[in-house]
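Here is the structure we will look at, set down as structure tokens.
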Amino acid sequence: MRRDLCDGVGVARLLNATLVLPKFEVAAYWNESSGFADVFDVDYFISQMNGYVKVVKELPPEFPSKEPHHVDCSKRKGQFDYIESVLPSLLEHHYISITPAMSQRRDRYPQYAKAALCQACYNALRLAEPVEEKAKKLLEAIPKPFLSLHLRFEPDMVAYSQCEYQGLSTASLEAIEAARVDRKPWTGELAKIWRKRGKCPLTPRETALIFQALHIPTNTNIYLAAGDGLMEMEGFTSVYTNVVTKSSFLSSDDFSNMHGNTKAALDYYVSINSDSYVATFFGNMDKMVAAMRAFNGKQRTLFLSRRAFAEFTYNGLKGKELNQALWKAHRDDFVMGRGSALSDCFCEFKL
């Protein structure tokens with residue numbers, strides 16, 4: 001969500017357009033209908049973007065059509081040019097919505113568009129006051145020092161990966177199968193190639209194994225930044241016992257009445273302020289958290305290598321040999337306390 005909002009600001013600046021306050025997709029993932037103001041401070045966002053991009057809460061009344069003309073850029077490849085490809089539609093229809101190009105290179109934006117995008121990502125997007133207060137209380141309640149772990153092993157995540165796993169519980173296998181729909185798992189040699197490319201999420205047990213290879217003490221305070229439905233967690237918590245979640249500190253009523261977007265916002269806030277951040281995947285949240293941590297000088301960030309783990313286990317490494325190989329694979333990033341997500345980051349300055 002934060003990534004798309006930042007992209008929207010960058011594209012609006014490229015096109016010299018006014019940005020209408022975005023509306024979140026209903027039930028896209030969280031099965032809810034929270035709005036921008038439920039998560040972010042609207043007035044602060046608009047004021048902070050002043051001078052970069054004009055932002056309005058609603059479409060001006062003089063517009064005859066309340067539905068935008070949609071421009072889908074998601075399948076465009078190569079050096080996609082918004083001005084060349086999208087500006088004509090904006091000039092013709094005056095009100096458009098955009099699905100950003102997946103292959104866009106933000107580092108190739110002109111400086112004025114980069115500045116707008118960076119201002120949105122790192123200064124303008126502040127949590128709404130009720131959400132931020134809740135996040136601050138949650139952060140204060142977590143035992144210090146602590147490591148924030150973003151672990152992804154939900155049924156839909158595994159089903160989408162098209163990977164198969166041995167040794168899972170019957171309940172986990174049934175949940176994965178129910179989520180697969182038409183995404184059948186790879187088999188045979190294709191499954192091996194897929195896994196060795198690092199496409200398969202790490203299980204909680206595999207995550208604990210890598211933690212041990214990195215000599216992370218088993219009594220480390222760990223905040224689990226994750227959504228509902230994580231499977232096989234006993235594979236991790238049987239080794240690392242000081243694990244807490246949002247629900248550990250929030251009342252059951254407060255937690256059950258909370259929007260999914262708000263829960264994700266709490267995880268984001270805790271993760272950017274944690275002493276260390278470790279992710280088992282490299283998804284949108286991980287990229288945004290790593291970038292914000294680096295921007296704020298908190299660079300103890302690590303992404304566990306699924307590719308290295310698959311390569312070593314397929315080569316038959318076990319026990320001490322496997323631990324040594326995993327240590328060498330992660331050593332530089334782990335010891336230096338740096339993530340691997342920011343090689344092309346251009347927001348390296350305070351605005």
Side-chain angles (χ1 to χ4, degrees), residues 1-25 36-37 39-57 68 70-87 89-90 95-128 261 264-265 268-269 271-272 282-299 301 339-351:
M1 188 185 302
R2 289 184 70 95
R3 183 207 64 188
D4 287 348
L5 287 170
C6 295
D7 282 344
V9 167
V11 173
R13 184 64 187 91
L14 277 173
L15 302 178
N16 196 28
T18 297
L19 180 70
V20 181
L21 206 64
K23 290 181 171 59
F24 299 157
E25 290 184 5
F36 189 97
V39 181
F40 298 110
D41 186 329
V42 173
D43 292 331
Y44 183 80
F45 178 70
I46 293 175
S47 67
Q48 287 295 302
M49 292 314 303
N50 184 37
Y52 294 90
V53 170
K54 182 180 179 181
V55 181
V56 296
K57 296 180 181 180
H70 185 66
V71 182
D72 187 356
C73 310
S74 60
K75 301 297 174 62
R76 309 291 180 88
K77 297 181 179 180
Q79 296 185 23
F80 180 71
D81 190 324
Y82 280 103
I83 296 175
E84 180 181 296
S85 302
V86 178
L87 184 57
S89 293
L90 177 63
Y95 180 36
I96 64 173
S97 65
I98 294 176
T99 303
M102 298 298 291
S103 61
Q104 66 179 318
R105 289 287 302 273
R106 302 165 189 86
D107 58 319
R108 292 176 178 165
Y109 282 3
Q111 195 66 27
Y112 60 84
K114 288 181 182 179
L117 188 148
C118 293
Q119 174 71 358
C121 279
Y122 301 108
N123 288 333
L125 279 175
R126 185 173 72 180
L127 294 179
N261 289 328
Y268 172 82
Y269 185 90
S271 294
I272 65 173
F282 190 40
N284 292 322
M285 174 171 166
D286 307 308
K287 294 172 185 176
M288 297 302 294
V289 167
M292 182 61 83
R293 286 176 62 83
F295 192 75
N296 292 330
K298 288 179 171 287
Q299 295 191 4
T301 303
S340 57
L342 302 174
S343 59
D344 61 348
C345 182
F346 50 76
C347 299
E348 298 176 350
F349 47 88
K350 294 285 185 181
L351 297 170

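For the single chain, residues carry numbers from 1 onward in sequence order. Note that these values count all heavy atoms, side chains included, but never hydrogens, waters or copies made by symmetry. All figures in this text were calculated on a predicted structure; none of them were measured in a lab.
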Worksheet item: Say you draw a straight line from CD1 of I272 to CE of M285; how long is it, rounded to the nearest 0.5 Å?
Response: 9.5 Å

Response to the item:
Tightest non-hydrogen contact, residues A128 and A37, listed as CB-O, 3.8 Å

Practice prompt. Walk me through it: do F295 and Y122 pass the test ring-ring contact (aromatic ring centres under 6.0 Å, His included)?
Written response: CA-CA 8 Å; F295 192 75; Y122 301 108; 4.5 Å; yes

Worksheet item: What pairs with V20 under side-chain contact (heavy atoms from CB on, under 4.5 Å), at least two apart in sequence or on another chain?
Response: V56, L59, Y95

Discussion item. Once side-chain hydrogen bond (donor to acceptor under 3.5 Å, both in side chains) is applied, do any residues pair with K57, and if so which ones, sequence neighbours excluded?
Written reply: D43

Worksheet item: When rounded to the nearest 0.5 angstrom, what is the spacing between CG in N50 and CD in Q119?
Response: 10.0 Å

Discussion item. Suppose the criterion is salt bridge (Lys or Arg N to Asp or Glu O under 4.0 Å): which pairs have a residue in residues 116-127, not counting sequence neighbours?
Written reply: D41-R126

Item to complete: Any chance you could lay out the side chain to side chain contact (heavy atoms under 4.5 Å, CB included) test for M288 and C121, step after step, and finish with the verdict?
Response: CA-CA 9 Å; M288 297 302 294; C121 279; 4.1 Å; yes

Practice prompt. State, to 0.1 Å, how close Y44 and N123 come at their nearest heavy-atom pair, and which atoms those are.
Written response: CE2-O, 3.2 Å

Practice prompt. Please name the pair of heavy atoms, one in N284 and one in R3, separated by the smallest distance, quoted to 0.1 Å.
Written response: OD1-NH1, 2.8 Å

Practice prompt. List in chain and number order the residues that pass side-chain hydrogen bond (donor to acceptor under 3.5 Å, both in side chains) with R13, two or more places apart in sequence or in another chain; answer none if no residue qualifies.
Written response: none

Practice prompt. Enter the distance from I98:CD1 to D4:CG here, rounded to the nearest 0.5 Å.
Written response: 12.0 Å

Discussion item. What's the separation between atom CG in L5 and atom CG in D7, rounded to the nearest 0.5 Å?
Written reply: 9.0 Å

Worksheet item: Should the ring pair Y82 and Y109 be called parallel, tilted or perpendicular, given that the plane angle runs from 0 to 90° and is split at 30 and 60?
Response: perpendicular

Fill in: Heavy-atom pair with the smallest gap, counting every atom of G10 and A113
O-CB, 4.1 Å

Discussion item. Do V9 and L125 make a side-chain contact, defined as non-hydrogen atoms from C-beta onward lying under 4.5 Å apart?
Written reply: no

Worksheet, complete the sentence: Looking only at heavy atoms, the pair that brings C73 and V86 closest together is SG-CG2, 3.8 Å

Discussion item. Test of understanding: with side-chain hydrogen bond (donor to acceptor under 3.5 Å, both in side chains), list the residues that count as partners of Y268, not counting sequence neighbours.
Written reply: R2

Practice prompt. Mind checking side-chain hydrogen bond (donor to acceptor under 3.5 Å, both in side chains) for S97 and listing every partner two or more places apart, or none if nothing turns up?
Written response: H70

Worksheet entry | Heavy-atom closest pair, residues A116 and V53 | CB-CG2, 4.2 Å

Worksheet item: Has the side chain of D286 got a donor or acceptor atom that lies under 3.5 Å from a matching backbone atom of G283?
Response: yes

Worksheet entry | Reported CD1-to-CG distance for the pair I96 and L90, which is rounded to 0.5 angstrom | 4.5 Å

